[in-house]
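Working notes, structure below.
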Amino acid sequence: MLLEFDEQQGLIRDRSLLDPNYVVEEDRIVGRDAQLQEVTKMLRVALGDNRPPNLFLYGPSGTGKSLITKAVCNNISRICDSRDIRFGTIEVNCQDLDTLGVAVYELAQQAADAAGVAVEVPKHGVATKEKWDELYRIVNEHFDSVAFVLDELDMLVGRRDKQEPAFSRLLYQLSRAGANDELNAYISVVAISNDTKMMEAVGSRAVSSFTPEDVHFDDYDADQLKAILRRRQDAFHDDVVDDDVIPLAAAFAAQTHGDARKAIDLMRVAGELAEREGDARVREEHVRAAQAKVEKNRVLEVVRGISTQKKLCLYATAAVASQSTHGTARSTTGYRVYQYLTDAIDAEQYHQETYVNKMKELTTYSLVDFERRSHGPSSGMFLEFQFGERPETILETLREDSRIEMVSEDEVHSVVKAQLRNQT
């Protein structure tokens, strides 16, 4: 069977172009001319005997922050090689790093990989200072200039008993290392975040030493997403993609915050579905099937890792949004449905303030967003939650949890209807 499939003519010619994390050439980067020019202008200082400034790149997920940083650093690295300047890009994604010590070790590991050497301290069982010293040793011995790229930095919160988040302490230590002569190499710290308010949580000491140049990335619109996909259409063989495929994939991605990663992923999944079905062309129906699959997969990836209490909060709120006129959910209504769910499965029931905080925490996954609203003097203030994905997809995915599956969908539906009628 494998040989039979291998002999079939596939539709996709170059799968790397359909990988959202693949660093494409500059001429494939669309709709980000100003940001590309700005980041290039500031980091190109590394080509000479100078320290580049620190940068803070912020904006929604999938708007080109990481792509442009990697593309610029790759170009700088090529030119530095030709000038015998030892330039290194040390990049970590902070999403899965839970403490400052783990983050520092990961930086040391990435620096060692870039230099082709080994880290000489263990990951666990030593003080964080020893990991810092090892990072400084590797950088000082192997690089003249380094860009530390800290992607999704706002996710590095660290232990709750600390006075400031771990990302604040990381920024302080890195940006002070050069001034304290711990690092001889010129360093630039590039902080990347989806949270536009991240810097508000950075401690005053870190702010004064980090002092970044800000670069804002806004959502892509549908036309820009179409242009991005057309620049990658040669990932497919000639004349196998129907004309309405790219506009439809761009339209789906534009509905969810203009996420280019989602648009590219939709094209990949649509192409793979068409190949799997043995079709000769990628058509609109494949994009619609891909949309349903990608949406569910992304939600599943997020909800698998969250606590039962967060799942209950999310389920209750999505249940309200799925039946409300505008597809949104008031926090007051969502909380009452949450109370019903916790009673139904005999789970611990949080106060309304904790429910709201749990929902706020879920905004970091780009599943949900909120606005503070008031519907007149009698109703008071409340949060109104909007979903980045279809609430029905979230409900369907959450019901894969056995405890939530115990609750009757019809009963939840009736409870939500009653609560929506009682909204003032």
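In this structure, the separation between NZ on Lys41 and CD on Gln37 is 6.5 Å, given to the nearest 0.5 Å. Expressed to the nearest 0.5 Å, how far OG1 of Thr332 lies from CG of Leu383 amounts to 9.5 Å. Taken from OG1 in Thr128 to CG in Leu100, the straight-line distance is 5.5 Å, to the nearest 0.5 Å.
With hydrogens and angles ignored, the 3.5 Å screen pairs a side-chain donor or acceptor of Gln35 with a backbone N or O of His216. In this structure, the side chain of Asn422 engages the main chain of Ala418 through a donor-acceptor pair within 3.5 Å. Checking side-chain atoms of Lys262 against main-chain N and O of Gly62 turns up no donor-acceptor pair under 3.5 Å. Looking only at distances, no side-chain donor or acceptor of Lys358 sits under 3.5 Å from a matching main-chain atom of Leu312. Between the Ser77 side chain and the Cys73 main chain, no donor and acceptor come within less than 3.5 Å of each other. Panel note: side chain Asn54, backbone Val189; a donor-acceptor pair is recorded below 3.5 Å. For Thr354 (side chain) and Tyr350 (main-chain N/O), no donor-acceptor pair under 3.5 Å exists by modelled atom type. With hydrogens and angles ignored, the 3.5 Å screen pairs a side-chain donor or acceptor of Glu134 with a backbone N or O of Glu120. In this structure a side-chain-to-backbone donor-acceptor pair under 3.5 Å is missing from Lys131 to Ala108. Remark: side-chain polar atoms of Ser168 are not paired, donor with acceptor, to backbone N or O of Glu164 under 3.5 angstrom.
At least one side-chain heavy atom of Gln323 sits under 4.5 Å from a side-chain heavy atom of Leu420. Side-chain contact between Val190 and Phe148: absent, with no pair of heavy atoms (C-beta onward) separated by less than 4.5 Å. Annotation: side chain of Ser322 is in contact with side chain of Leu395 (closest heavy-atom distance under 4.5 Å). Residues Tyr22 and Leu17 are in side-chain contact: their nearest non-hydrogen atoms beyond the backbone lie under 4.5 Å apart. Taking 4.5 Å as the limit, every side-chain heavy atom of Arg330 sits out of range of all side-chain heavy atoms of Tyr335. In this structure the side chain of Leu107 reaches within 4.5 angstrom of the side chain of Leu150, judged on heavy atoms. Between Cys94 and Asp151, every side-chain heavy-atom pair lies at or beyond the 4.5 Å cut-off. In this structure the side chain of Pro212 never reaches within 4.5 angstrom of the side chain of Leu55, judged on heavy atoms.
Judged purely by distance below 3.5 Å, without hydrogens or angles, the side chains of Asn75 and Glu26 pair a donor atom with an acceptor atom. Donor-acceptor pairing under 3.5 Å is recorded for the side chains of His286 and Glu277. Side chain to side chain, Asp113 and Gln109 meet the donor-acceptor criterion of an N or O pair below 3.5 Å. If you check the side chains of Asp369 and Thr363, you find no donor sitting under 3.5 Å from an acceptor. For the 3.5 Å distance criterion, the side chains of Asp195 and Ser193 fail to qualify, holding no donor opposite an acceptor.
Within a 6.0 Å radius of CG in Asp239, other residues, nucleotides and ligands contribute 12 heavy atoms or fewer. Counted within 6.0 Å of CD on Glu353, heavy atoms from surrounding residues, nucleotides or ligands total 12 or fewer; the atom is thus considered open. More than 12 heavy atoms of other residues, nucleotides or ligands sit less than 6.0 Å from atom CD of Gln386. Heavy atoms of other residues, nucleotides or ligands lying less than 6.0 angstrom from CG of Asp27 number more than 12.
In terms of heavy atoms, Val30 sits closest to Ala227 at CG1-CB, 3.4 Å. Across all their heavy atoms, Val202 and Ala206 have their closest contact at CG1-CB, 3.4 Å. Listed here is the closest heavy atom pair of Leu171 and Ala191: CD2-CB, 4.4 Å. The two residues Ala260 and Leu225 have their closest heavy-atom pair at CA-CD2, 3.7 Å. Minimum heavy-atom separation, Gly334 to Val320: CA-CG2, 4.0 Å. Closest heavy-atom contact between Ala318 and Pro391: O-CB, 3.5 Å.
Ionic pairing of Lys70 and Glu91 is present here: one or more N-O contacts between side-chain nitrogen and carboxylate oxygen are shorter than 4.0 angstrom. Under 4.0 Å is where a charged nitrogen must lie from a carboxylate oxygen, and between Glu25 and Arg28 at least one such pair does. With respect to Arg283 and Asp242, no salt bridge is recorded, no charged nitrogen being found less than 4.0 Å from a carboxylate O. Under a 4.0 Å N-O distance rule, the pair Arg372/Glu384 does not qualify as a salt bridge. Ion pairing of Arg232 with Asp19 is absent here, as no side-chain N (NZ or NE/NH1/NH2) approaches a carboxylate O to less than 4.0 Å.
Not a single side-chain hydrogen bond (donor to acceptor under 3.5 Å, both in side chains) links Tyr58 to another residue, sequence neighbours left out. Qualifying ring-ring contact (aromatic ring centres under 6.0 Å, His included) partners for Phe167, counting only residues two or more places apart in sequence or in other chains: none. With sequence neighbours left out, Phe370 forms a ring-ring contact (aromatic ring centres under 6.0 Å, His included) with no residue at all. In this structure, Phe87 has no ring-ring contact (aromatic ring centres under 6.0 Å, His included) partners at least two apart in sequence or on a different chain.
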Under 3.5 Å, which donor-acceptor pairs link side chains of residues 264-272 to any protein atom two or more places apart or in another chain?
unit_1	atom_1	unit_2	atom_2	d
Asp265	OD1	Arg268	NE	3.0
Asp265	OD1	Arg268	NH2	2.9
Arg268	NH1	Glu272	OE1	3.0
Arg268	NH1	Glu272	OE2	3.3

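In summary, of the residues considered (Arg15, Arg281, Arg13), a salt bridge (Lys or Arg N to Asp or Glu O under 4.0 Å) with Glu275 occurs for Arg15 alone.
Checked against the 6.0 Å centroid threshold, Tyr355 and Tyr338 count as a close aromatic pair.
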Dump the intermediate steps for side-chain contact (heavy atoms from CB on, under 4.5 Å) on Gln419 and Val337, then the final yes or no. CA-CA 8 Å; Gln419 293 301 331; Val337 178; 4.3 Å; yes
side-chain contact (heavy atoms from CB on, under 4.5 Å) between Arg261 and Ser66: does it pass, once the steps are laid out? CA-CA 11 Å; Arg261 285 198 188 99; Ser66 303; 3.9 Å; yes
Applying side-chain contact (heavy atoms from CB on, under 4.5 Å), run through Tyr315 and Val407 and close with a yes or a no. CA-CA 11 Å; Tyr315 190 88; Val407 186; over 6 Å; no
For Asp343 and Gln339: C-alpha separation, side-chain torsions, deciding distance, then whether side-chain hydrogen bond (donor to acceptor under 3.5 Å, both in side chains) applies. CA-CA 6 Å; Asp343 286 340; Gln339 288 178 304; over 6 Å; no
Checking side-chain contact (heavy atoms from CB on, under 4.5 Å) for the pair Arg231/Ile29: CA distance, chi angles, key distance, verdict? CA-CA 8 Å; Arg231 294 289 175 93; Ile29 297 175; over 6 Å; no
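Listed by first then second residue, pairs satisfying salt bridge (Lys or Arg N to Asp or Glu O under 4.0 Å) with a partner in residues 311-328 read Lys311-Asp401, not counting sequence neighbours.
In this structure, Arg32 satisfies the cation-pi test against Tyr220, with its NZ or CZ atom closer than 6.0 Å to the six-membered ring centre and inside 45 degrees of the ring normal.
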